[in-house]
2 protein chains.
Amino acid sequence: MAKKEPASVSMLVLALLKGREMYGYQIIEELDRRSEHVFQMKEGTLYPVLHGLEKDRLVTAREAVTDKGRTRRYYAVTEKGLRVLEEKEKEWQTFSRAVTAILAGA
Amino acid sequence: MAKKEPASVSMLVLALLKGREMYGYQIIEELDRRSEHVFQMKEGTLYPVLHGLEKDRLVTAREAVTDKGRTRRYYAVTEKGLRVLEEKEKEWQTFSRAVTAILAGA
DNA sequence: TAGTATACCTAGATGTCCTATGTATGTCAA
DNA sequence: TTGACATACATAGGACATCTAGGTATACTA
């Protein structure tokens, strides 16, 4: 309906990965924490999104094993991913401002 | 993924109807105008939404014929609709604030 | 040793919105 | 006067994002 609504999940994931690499489960926890429990993403949502981002080369993945023997897949955002993130952020600002204007009864 | 994302189209429509009654085609034009061309809603999106809102008693409709002979369906928001709108607005604020926090790298 | 947390994964359903199309009338220019 | 475009309504079918529900496996804790 809008010119283009920012696909929120992938945008949020890219934003989280901007600072440092993270593994899937951690992304879910961080989103929950930083959003003060507004975003409670399901694993069934996140993992397919991560695979998509990897396929599109917006993130890279590396496998690592903890001292306790757990295997994790760490994701890091690529240059391309950062550019896409910037684009999505702009779209979000536009979208958000427009909604606010309508709600305010401009 | 979020606690609940506000269904944007119905929220925006209710918000537009808050001030005065409007007919479908006019809603599309007003959305475009007030959002500065960010929201270019399609008729195929709006009309089913209006029918749904009517069915849920969030709006009422009345038919009117212009002096030129055109038939229009004017929609007005109900008390129930106003309550739902308020709810959706709160959800939007919560959602929007959370996204901003994540993007800011909180 | 049973339950919970961690950590990954996929298939299929759902819901929102879009594309495409249809009907009918009004207006304006060629 | 006719052909193009705007107005005004409508629906069917598809695309896409996210959710539900399930699965596997290991580690910790009561």
Side-chain angles (χ1 to χ4, degrees), chain A residues 1-14 21-33 35 38-56 58-59 61-75 88 91-92 95 98-99, chain B residues 1-14 21-33 35 38-56 58-59 61-75 88 91-92 95 98-99:
Chain A
M1 181 288 273
K3 238 162 197 162
K4 203 149 138 224
E5 275 162 83
S8 41
V9 168
S10 51
M11 177 182 69
L12 294 173
V13 169
L14 289 174
E21 64 172 13
M22 284 173 120
Y23 56 95
Y25 204 83
Q26 184 185 13
I27 290 174
I28 289 173
E29 288 177 319
E30 278 294 299
L31 251 184
D32 179 72
R33 198 179 62 77
S35 72
V38 175
F39 296 134
Q40 289 167 354
M41 196 167 25
K42 300 301 152 57
E43 294 168 80
T45 301
L46 178 64
Y47 290 116
V49 166
L50 282 174
H51 299 159
L53 290 175
E54 193 183 357
K55 189 165 145 284
D56 294 343
L58 305 186
V59 301
R62 70 174 183 90
E63 226 143 86
V65 182
T66 63
D67 10 339
K68 332 215 163 180
R70 263 193 203 297
T71 301
R72 291 167 172 169
R73 271 179 76 77
Y74 280 90
Y75 291 91
K88 282 175 186 287
E91 283 164 18
W92 162 255
F95 177 80
V99 171
Chain B
M1 183 284 276
K3 238 166 195 159
K4 203 152 138 222
E5 274 163 83
S8 43
V9 168
S10 51
M11 178 182 69
L12 294 173
V13 168
L14 290 173
E21 64 172 13
M22 285 174 121
Y23 56 95
Y25 204 83
Q26 185 184 14
I27 291 173
I28 290 173
E29 288 176 320
E30 277 294 299
L31 252 184
D32 179 71
R33 198 180 62 77
S35 72
V38 175
F39 296 134
Q40 290 168 352
M41 197 165 26
K42 301 300 151 61
E43 294 167 81
T45 301
L46 178 64
Y47 292 116
V49 166
L50 283 173
H51 300 158
L53 291 174
E54 192 182 359
K55 189 165 145 284
D56 294 344
L58 305 186
V59 302
R62 70 174 183 88
E63 225 143 88
V65 181
T66 63
D67 9 341
K68 331 214 165 182
R70 261 190 204 299
T71 302
R72 291 169 172 167
R73 272 179 75 78
Y74 280 89
Y75 291 91
K88 281 175 187 289
E91 284 164 18
W92 163 255
F95 176 79
V99 171

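By convention in this document, chain letters (A, B, ...) are assigned in the order of the sequence lines, proteins followed by strands, and residues within each chain are numbered from 1.
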Quiz item: Can a salt bridge be assigned to the pair R33(B) and E30(B) using a cut-off of 4.0 Å between side-chain N and carboxylate O?
Solution: yes
Self-check item: Worked check of side chain to side chain contact (heavy atoms under 4.5 Å, CB included) between L31(B) and L46(B)
Solution: CA-CA 11 Å; L31(B) 252 184; L46(B) 178 64; over 6 Å; no
Quiz item: Given L53(B) and S10(B), is the side chain to side chain contact (heavy atoms under 4.5 Å, CB included) satisfied, shown in steps?
Solution: CA-CA 8 Å; L53(B) 291 174; S10(B) 51; 4.0 Å; yes
Interatomic distance, [X] [atom1] vs [N] [atom2] [rounded to whole Å]:
| X | N | atom1 | atom2 | answer |
| --- | --- | --- | --- | --- |
| K42(B) | dA15(D) | NZ | C1' | 14 Å |
| R62(B) | dA8(D) | CZ | P | 14 Å |
| L50(B) | dT11(D) | CG | C1' | 14 Å |
| M41(B) | dT19(C) | CE | C1' | 16 Å |
| I27(B) | dA10(D) | CD1 | P | 11 Å |
| L46(B) | dT7(D) | CG | P | 15 Å |
| D32(B) | dA6(D) | CG | P | 14 Å |
| M11(B) | dC17(C) | CE | P | 10 Å |

Quiz prompt | Per-nucleotide protein contact string for nucleotides 3-8 of chain C, where B marks a base within reach and S marks sugar-phosphate only (heavy atoms under 4.0 Å, - for neither) | solution = --BBBB
Quiz item: Is the distance from OP1 or OP2 of dT26(D) to the nearest side-chain N or O of K68(A) less than 4.0 Å?
Solution: no
Self-check item: Point-to-point distance, once rounded to the nearest 0.5 Å, from CE of M22(A) to OH of Y74(A)
Solution: 10.0 Å
Quiz item: Excluding sequence neighbours, so at least two apart, what forms ring-ring contact (aromatic ring centres under 6.0 Å, His included) with Y47(B)?
Solution: none
Quiz item: So among R72(B), E63(B), R70(B), R73(B), which one has a side chain to side chain donor-acceptor pair (under 3.5 Å) with Y23(B)?
Solution: R72(B)
